[in-house]
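All remarks here apply to the structure that follows.
Residue numbers run from 1 in the order of the sequence given. Computed from heavy atoms alone, side chains included, the values below leave out hydrogens, waters and symmetry copies.
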Amino acid sequence: MLDIKITKTTHPKPLPDPNTLVFGKTFSDHMFLMDYDEGQGWHNPRIVPYGPLPFELSCMVFHYAQEIFEGMKAYRTAQGKVQLFRPVENARRLNSSCRRMCIPELQENDFVDAVNALVSVDKAWVPSQPGTSLYIRPFIIATDNGLGVHASKRYLFAIICSPVGTYYPEGINPVKIYVENEDVRAVRGGTGYTKCGGNYAASIRAGERAVQQGYSQVLWLDGVHRKYVEEVGAMNVFFKVGGKVITPELSGSVLPGITRKSCLELLRDWGIPVEERLVTAQELFDAAQGGTLEEAWGTGTAAVVSPIGCLAWGEKNAAISDGRIGRLTQRLYDTLTGIQWGTEPDPYGWVLPIE
Ligand SMILES: *Cc1c(COP(=O)(O)O)cnc(C)c1O
């Protein structure tokens with residue numbers, strides 16, 4: 001058990017209008033902080049009023065990006081209760097990212113306790129309108145000062161929370177995606193399977209170019225052969241081809257999404273054939289031409305599922321599901337959101353209520 005010292009704000013902010021929330025712009029009243037120093041381990045867990053912290057400009061994270069994060073949500077049920085979705089999975093993934101980035105790991109329980117305690121203090125910030133939630137951003141940064149390149153001896157683990165509106169205010173509209181041939185997001189042996197800021201820095205240019213050209217995001221190809229599909233933007237990707245569901249295997253350059261894992265578990269439970277394997281862009285465009293590319297969608301905590309209505313690859317175009325959300329995509333969306341917001345039973349034990 002973490003012994004968390006709680007200092008509440010004397011100036012609570014007014015709660016934002018749940019109808020005009022912009023993702024990641026408003027933050028709740030409190031934040032969780034915990035320090036790490038070599039020889040001392042993780043210590044001084046505390047919840048304090050949300051606000052700025054002073055850092056020297058030589059702080060290592062600003063220069064060499066020794067940084068990792070997580071993304072998860074707290075959901076309010078129709079009965080007014082607040083719950084998390086598979087938080088232990090986030091704890092495990094954070095530790096996997098820690099190992100790759102030479103950051104000291106956290107106890108899984110301590111991570112879940114910290115998230116729980118913060119959400120509990122800021123419970124009023126979990127909005128109740130349908131589709132809204134409290135986005136939770138745990139992260140760890142290297143805080144040693146100095147420009148030498150080595151693992152930091154000091155770290156800060158922090159959690160901040162931001163109320164978010166419904167991802168689909170105008171209903172779910174399938175997006176247009178193009179296959180990125182120039183930039184790559186990650187390569188095997190690199191950091192693709194971790195949630196680190198550096199992966200995002202490297203991916204911004206492709207995303208900007210996609211938007212300039214009228215697409216929502218890019219479909220990433222593997223960095224070695226430039227042939228195998230990996231992810232769509234910052235989401236995992238699934239295809240339904242000839243009645244079977246195919247998703248890229250976790251090859252080292254693909255992020256192991258918790259929504260991905262949950263979709264695979266649901267599909268297997270429903271008796272739908274699923275394959276985790278290498279998938280080439282060529283295979284997908286051949287299937288589209290042969291009329292067997294039935295559905296395609298991205299998965300992630302923010303959108304849950306995001307249907308793909310159109311894929312472009314150079315001069316080639318593939319329309320999917322007549323530009324509508326596919327039936328299986330819809331079923332996954334309804335089941336996952338039903339469990340998350342507590343309108344459906346939770347037979348898998350995925351939900352953790354907050355006291
Ligand atoms: C976070 C993330 C995902 C989705 O993971 P979830 O756990 O489902 O939210 C997929 N791809 C990338 C690159 C990510 O950073």
Side-chain angles (χ1 to χ4, degrees), residues 174-195 199-200 202-207 209-211 213 215-264 267 272-300 302-321 323 325-326 328-329 332:
V175 294
K176 281 174 67 180
I177 300 292
Y178 78 68
V179 181
E180 172 64 43
N181 280 317
E182 198 177 322
D183 291 356
V184 297
R185 194 191 78 89
V187 288
R188 201 197 293 191
T191 55
Y193 68 92
T194 71
K195 252 179 138 61
N199 290 344
Y200 277 69
S203 74
I204 286 173
R205 181 168 76 172
R209 282 198 296 232
V211 170
Q213 291 170 48
Y215 294 85
S216 290
Q217 253 306 342
V218 300
L219 190 66
W220 294 107
L221 295 180
D222 78 278
V224 178
H225 309 280
R226 306 288 184 107
K227 181 164 124 176
Y228 302 106
V229 166
E230 299 214 312
E231 298 200 50
V232 56
M235 288 195 264
N236 296 112
V237 69
F238 286 77
F239 304 94
K240 181 163 171 269
V241 180
K244 266 193 304 208
V245 174
I246 307 168
T247 191
E249 65 189 32
L250 300 178
S251 55
S253 44
V254 171
L255 194 288
I258 295 161
T259 321
R260 174 188 182 277
K261 180 174 180 169
S262 305
C263 283
L264 287 172
L267 291 164
I272 294 166
V274 293
E275 293 176 355
E276 292 176 75
R277 61 166 170 83
L278 296 175
V279 193
T280 62
Q282 189 63 52
E283 172 182 353
L284 297 172
F285 279 80
D286 288 349
Q289 204 159 36
T292 55
L293 179 56
E294 293 149 2
E295 301 184 32
W297 66 93
T299 67
V304 189
V305 301
S306 174
I308 300 169
C310 177
L311 266 184
W313 188 23
E315 303 292 289
K316 285 182 264 188
N317 270 289
I320 307 166
S321 305
I325 181 170
L328 187 58
T329 314
L332 285 167

Self-check item: Nearest heavy atoms of Ala210 and Val218, plus distance in Å
Solution: CB-CG1, 3.7 Å
Quiz prompt | Stepwise side chain to side chain contact (heavy atoms under 4.5 Å, CB included) check, Leu328 with Leu267 | solution = CA-CA 9 Å; Leu328 187 58; Leu267 291 164; 3.7 Å; yes
Exercise. Output yes when Arg209 and Glu180 qualify as a salt bridge under the 4.0 Å nitrogen-oxygen rule, no when they do not.
Key: yes
Quiz item: Taking the side chain from Asn199 and the backbone from Thr194, do they hold a donor-acceptor pair closer than 3.5 Å?
Solution: yes
Quiz item: Hey, is CD on Gln289 packed in by over 12 heavy atoms from elsewhere, all under 6.0 Å?
Solution: no
Quiz item: Between the side chain of Arg260 and the main-chain N/O of Thr299, is any donor-acceptor distance below 3.5 Å?
Solution: no
Quiz item: Are more than 12 heavy atoms from other residues, nucleotides or ligands located less than 6.0 Å from atom NZ of Lys244?
Solution: no
Practice problem: Can you measure from CG (Asn317) to NZ (Lys176) and round to the nearest 0.5 angstrom? | Solution: 7.5 Å
Quiz item: Can you tell if the side chain of Trp313 reaches within under 4.5 Å of the side chain of Leu284, non-hydrogen atoms only?
Solution: no
Quiz prompt | Closest approach of Asp183 to Trp220 (non-hydrogen atoms, all atoms of both residues) | solution = O-CZ3, 3.6 Å
Exercise. Verify, without hydrogens or angle tests, whether Arg185 (side chain) and Ser253 (backbone) share a donor-acceptor contact under 3.5 angstrom.
Key: yes
Practice problem: With Gln217 as reference, evaluate Val175, Val211, Ile177 under the side chain to side chain contact (heavy atoms under 4.5 Å, CB included) test and give the passing residue. | Solution: Ile177
Quiz item: So which heavy atom on Val245 is nearest to which on Phe238, and how close?
Solution: CG1-CD2, 3.7 Å
Quiz item: Can you check whether Glu283's main-chain N or O pairs, donor with acceptor, with Thr280's side chain at less than 3.5 Å?
Solution: yes
Quiz item: Would you call Arg188-Glu230 a salt bridge at under 4.0 Å N-O?
Solution: no
Practice problem: Nearest 0.5 Å please: distance from the CD1 atom of Ile258 over to the CG atom of Asn236. | Solution: 10.5 Å
Practice problem: For residues Ala287 and Val241, report the shortest heavy-atom separation together with the two atoms involved. | Solution: CB-CG1, 3.8 Å
Quiz item: Are any of the side-chain heavy atoms of Asn181 and Arg226 separated by less than 4.5 Å?
Solution: no
Quiz item: Can you check whether Thr247 reaches Val254 side chain to side chain, under 4.5 Å on heavy atoms?
Solution: no
Quiz item: Between atom CD of Glu295 and atom OG1 of Thr329, what is the distance when rounded to the nearest 0.5 Å?
Solution: 3.5 Å
Practice problem: Report yes if the side chains of Lys195 and Leu255 come closer than 4.5 Å at any heavy-atom pair, otherwise no. | Solution: yes
Quiz item: What is the distance from atom CG of Leu221 to atom NZ of Lys227, rounded to the nearest 0.5 Å?
Solution: 11.5 Å
Quiz item: Rounded to the nearest 0.5 Å, how far does CD1 of Ile325 lie from CH2 of Trp297?
Solution: 10.0 Å
Quiz item: In Å and rounded to the nearest 0.5 Å, what is the NZ to CG distance from Lys316 to Asp286?
Solution: 7.5 Å
Practice problem: Work out which heavy atom in Thr259 is nearest to a heavy atom in Val304; give both atom names and the distance. | Solution: CG2-O, 3.4 Å
Practice problem: For Glu182 and Arg205, work out which heavy atoms get closest and say how close. | Solution: OE2-NH2, 4.0 Å
